[in-house]
Number of protein chains: 2
Amino acid sequence: MLRLSHLTDYGVVLLSQLAQEAPALVTAPGLAASTGLPAPTVAKLLKVLTHAGLVSSHRGAAGGYTLARSPVCISVGEVIAAIDGPLALTACVEGAVEVCKVESSCPIRGRWSKVNAALKHALSEISIAELATPGSPVHDMPAASGVALSH
Amino acid sequence: MLRLSHLTDYGVVLLSQLAQEAPALVTAPGLAASTGLPAPTVAKLLKVLTHAGLVSSHRGAAGGYTLARSPVCISVGEVIAAIDGPLALTACVEGAVEVCKVESSCPIRGRWSKVNAALKHALSEISIAELATPGSPVHDMPAASGVALSH
DNA sequence: TTTAATCTGGACCGAAGCGGTACCCATTGG
DNA sequence: CCAATGGGTACCGCTTCGGTCCAGATTAAA
Ligand code: FES
Ligand code: FES
């Protein structure tokens, strides 16, 4: 139902926690403790986030993780793309690997890309810092419109 | 990977096709033929869309389906909500039924709702008509930002 | 009245993706 | 040399999704 995967959710949580713990070096078990997430999952996620260049790792004894950049420079979209893969709503969006089976006789051909771009843009406008800090809406989001999107 | 389900994709395709076939009454097998989608799936989807009030059904011989409203008044978000369920990115977004397991010690508590609202708004701004008609961008979408969202 | 076309609702099943776990290797500071 | 920590990979059970099928209700037309 257009949900984020659990891993992605937790990934954002981890980055927010790292943002709150200032420039300190935090270990994987430490993060698991402070967030309440299961330790093995945290470790797995940190590997992925490191590989994506969102966090910096320091190996060896007394090692740990830190944010690679300022939290205001990390967008939610980047985190989603790092863990869940590139944002491609359908098979027939520009950049998707697979091809749409019914592309020949489809009334909307490549026009899904417009929706995809809109979502990409919306996600790139929200930074980890906005999610980590209590106050600060920063962006004036016009209250989700009046159209009913819930059941 | 933040994909739309196949059914949802097809649902939008069906509505677009209905929008193109003017106010004509189209049968389920007819829609399957014109879109190239498997007939049983089309039938299943039309039931759901009817139940959601997006299409009108006419039973009996010479029956068929029609759009319930003008295609410009049907947003992509509505279609997604009708088929995939309400847009709730995570378990801890306002309106979600389940509760987040780590809500007590979570650095971003209910702040996911901001992201959710942004996506809802983006999806409610795009109508079926925009996807069904060849021209007309209508909305000035600022080219999906520069932030890399692909792998 | 009879017939045929069409929608309605529900049940069913196989396949794929996801979440979670475990294991062992590489690196580094003490 | 040793202990602590990250790095990588492989595995497995569960849930969900996509797709199919069938019996029943409804209505226009012959
Ligand atoms: S659904 Fe893929 S091209 Fe239309
Ligand atoms: S992830 Fe649910 S409250 Fe933070």
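Chain A is the first sequence line, chain B the second, and so forth, proteins listed ahead of strands; every chain is numbered from 1.
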J.: Using a 4.5 Å cut-off on heavy atoms from C-beta on, say whether the side chain of A:Ser16 contacts that of B:Arg111.
T.: no
J.: Determine: side-chain N/O of A:Tyr10 to OP1/OP2 of C:dC18, distance under 4.0 Å, yes or no.
T.: no
J.: Whole-Å distance between D:dC17 P and B:His6 NE2?
T.: 13 Å
J.: To the nearest Å, how far apart are B:His58 NE2 and D:dA29 C1'?
T.: 18 Å
J.: Does the side chain of B:Val72 come within less than 4.5 Å of B:Ile128's, by heavy atoms?
T.: no
J.: Select one nucleotide: of D:dT9, C:dT21, D:dT5, the one nearest the side-chain heavy atoms of A:Pro40.
T.: C:dT21
J.: Without hydrogens or angle criteria, can the side chains of B:Thr90 and A:Asp9 be said to hold a donor-acceptor pair below 3.5 Å?
T.: no
J.: Which nucleotide, D:dT5, D:dG18, C:dG10, lies nearest any side-chain atom of A:Thr27?
T.: D:dT5
J.: When you check the phosphate oxygens OP1 and OP2 of D:dT5, does a side-chain N or O of A:Ser57 lie under 4.0 Å from one of them?
T.: no
J.: With a 4.5 Å limit on heavy-atom distance, are the side chains of B:Ile80 and B:Leu123 in contact?
T.: yes
J.: How many Å lie between CD1 on A:Ile83 and C1' on C:dG17, as a whole number?
T.: 16 Å
J.: How long is the line joining CG of B:Leu46 and P of D:dT20, in whole Å?
T.: 15 Å
J.: Can you tell me whether the side chain of A:Lys44 and the base of C:dG20 have a donor-acceptor pair closer than 3.5 Å?
T.: yes
J.: Of A:Gly60 and A:Leu7, whose closest DNA chain C nucleotide lies nearer the 5' terminus?
T.: A:Leu7
J.: Please state how far atom NZ in A:Lys47 lies from atom P in C:dG20, giving the value in whole angstrom units.
T.: 15 Å
J.: Would you indicate whether the side-chain heavy atoms of A:Leu37 and A:Leu14 approach each other to under 4.5 Å?
T.: yes
J.: Nearest whole angstrom, please: distance from the P of D:dG7 to the CG of A:Leu45.
T.: 13 Å
J.: What is the distance, to the nearest angstrom, from the CZ atom on A:Arg59 to the P atom on C:dT27?
T.: 6 Å
J.: For B:Thr50 and B:Lys101, find the nucleotide of DNA chain C closest to each by heavy atoms; which residue's nucleotide sits nearer the 5' end?
T.: B:Thr50
J.: Heavy atoms only, 4.0 Å cut-off, all strands: where does B:Ala28 land among base, sugar-phosphate and nothing?
T.: sugar-phosphate
J.: Would you kindly give the NE2-to-P distance between B:His51 and C:dT8, to the nearest whole Å?
T.: 10 Å
J.: Counting heavy atoms from C-beta on, name the nucleotide in C:dC7, C:dA5, D:dA4 closest to the side chain of B:Ala61.
T.: C:dA5
